[in-house]
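Reckoned from all heavy atoms, side chains included, excluding hydrogens, waters and symmetry mates.
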Amino acid sequence: MLLGKKRKLGRKIEEITVGEKLSMTEKIEDKDLLLYLGLTDDANPLYIQHDYASQTPFEKPIVPSIMLTGMITSAISKYLPGPGSHILSQEILFPKPVYHYGSVEFLFEVIEVSRDEHTIVISVLGINEKNEPVIQGKVKVCPPHRLEEIHAKTLDNF
């Protein structure tokens with residue numbers, strides 16, 4: 001049990017400002033795709049079967065959009081604003097497919113901070129190796145709340 005244990009939390013809403021940016025690059029490897037497809041039990045042939053995908057307009061297997069969304073949520077949980085944050089809503093477009101072995105450079109930017117609502121809005125842009133946008137969107141996030149001292153009320157949750 002982690003009761004009273006020190007945790008590394010992301011930044012407080014007071015520490016976040018409009019215009020902050022984060023850039024990171026993810027390379028899509030077979031191991032990542034197979035792990036994702038195995039965990040979700042997703043057998044869509046468009047994601048893994050080269051013979052099927054070659055007969056579609058995509059011409060080769062593509063990366064599941066929800067897997068790319070997972071990369072976005074992971075970056076928010078790890079870096080901006082960081083551990084303890086929670087995504088409230090997202091509006092994400094995938095204008096072009098991402099292919100196996102491709103790279104996506106993610107660009108995140110804080111475009112709104114609402115201290116009254118304890119939320120921030122982050123724009124997301126994903127660019128492939130051909131410098132084409134493959135992801136565009138916005139994510140509304142609740143930054144981590146500061147923890148109160150542990151007392152009897154806290155133990156009601158256990």
Side-chain angles (χ1 to χ4, degrees), residues 2 5-42 44-50 53-54 56-147:
L2 295 174
K5 187 174 180 178
K6 269 287 204 203
R7 295 170 187 85
K8 180 178 179 347
L9 293 179
R11 296 185 347 218
K12 299 177 193 174
I13 193 160
E14 297 83 18
E15 301 170 325
I16 300 168
T17 57
V18 170
E20 287 188 44
K21 295 178 182 173
L22 168 69
S23 174
M24 58 180 261
T25 301
E26 294 283 344
K27 180 152 178 62
I28 313 300
E29 303 283 349
D30 278 343
K31 65 178 177 51
D32 305 316
L33 286 158
L34 293 174
L35 182 60
Y36 167 80
L37 294 171
L39 286 172
T40 60
D41 196 25
D42 191 340
N44 186 337
L46 186 57
Y47 300 149
I48 200 71
Q49 293 179 6
H50 291 264
S54 69
T56 71
F58 298 107
E59 298 179 351
K60 51 188 175 181
I62 64 172
V63 176
S65 299
I66 196 70
M67 184 175 163
L68 298 168
T69 302
M71 293 173 185
I72 293 168
T73 61
S74 176
I76 288 168
S77 292
K78 290 192 281 188
Y79 307 115
L80 184 64
S85 57
H86 174 63
I87 292 178
L88 301 171
S89 66
Q90 54 191 352
E91 181 182 318
I92 302 174
L93 304 172
F94 302 93
K96 288 191 175 277
V98 174
Y99 295 102
H100 291 205
Y101 315 111
S103 292
V104 178
E105 182 180 0
F106 289 94
L107 305 167
F108 300 88
E109 182 176 358
V110 176
I111 58 172
E112 184 181 316
V113 176
S114 174
R115 288 182 174 77
D116 293 341
E117 294 180 16
H118 196 85
T119 61
I120 64 173
V121 177
I122 300 172
S123 71
V124 181
L125 178 63
I127 305 290
N128 67 13
E129 55 280 343
K130 294 178 181 176
N131 210 27
E132 302 168 318
V134 292
I135 301 167
Q136 298 168 318
K138 294 180 187 176
V139 182
K140 188 173 187 177
V141 179
C142 174
H145 290 277
R146 291 299 122 192
L147 302 178

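- Remark: P45 engages Q49, Y52 in a side-chain contact (heavy atoms from CB on, under 4.5 Å) (not counting sequence neighbours).
- Inter-residue side-chain proximity for V63 and F94 is flagged as unmet; no heavy-atom pair is nearer than 4.5 Å.
- Looking at heavy atoms from C-beta onward, P144 lies in side-chain contact with P81 at the 4.5 angstrom threshold.
- No side-chain heavy atom of V98 sits less than 4.5 Å from a side-chain heavy atom of N128.
- Using a 4.5 Å heavy-atom threshold, the side chains of L80 and V110 count as touching.
- Every side-chain contact (heavy atoms from CB on, under 4.5 Å) that S123 has, sequence neighbours left out, goes to E109, I111.
- Counting only residues at least two apart or on different chains, the salt bridge (charged side-chain N to carboxylate O under 4.0 Å, His left out) pairs with a member in residues 117-126 are E117-K140.
- Considering only heavy atoms from C-beta on, Q90 comes within 4.5 Å of T69 through its side chain.
- Residues H100 and K60 fail the side-chain proximity criterion, which asks for heavy atoms closer than 4.5 Å.
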Could you pull out every donor-acceptor pair under 3.5 Å between side chains of residues 26-39 and any protein atom, sequence neighbours left out?
| residue | atom | partner | partner atom | Å |
| --- | --- | --- | --- | --- |
| K27 | NZ | Y101 | O | 2.6 |
| D30 | OD1 | Y101 | OH | 3.0 |
| D30 | OD2 | Y101 | OH | 2.7 |
| D32 | OD2 | E29 | N | 3.3 |

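- Using a 4.5 Å cut-off on side-chain heavy atoms (C-beta onward), P143 and H118 make contact.
- Scored by the side-chain contact (heavy atoms from CB on, under 4.5 Å) test, H50 finds P61 as partners (sequence neighbours excluded).
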All N/O donor-acceptor pairs, side-chain side in residues 15-24, below 3.5 Å, sequence neighbours left out:
| residue | atom | partner | partner atom | Å |
| --- | --- | --- | --- | --- |
| E15 | OE1 | K12 | N | 2.8 |
| T17 | OG1 | E20 | OE2 | 3.3 |
| E20 | OE1 | R11 | NH1 | 3.1 |
| E20 | OE1 | R11 | NH2 | 2.4 |
| E20 | OE2 | R11 | NH2 | 2.9 |
| E20 | OE2 | T17 | N | 2.6 |
| S23 | OG | E105 | OE2 | 3.2 |

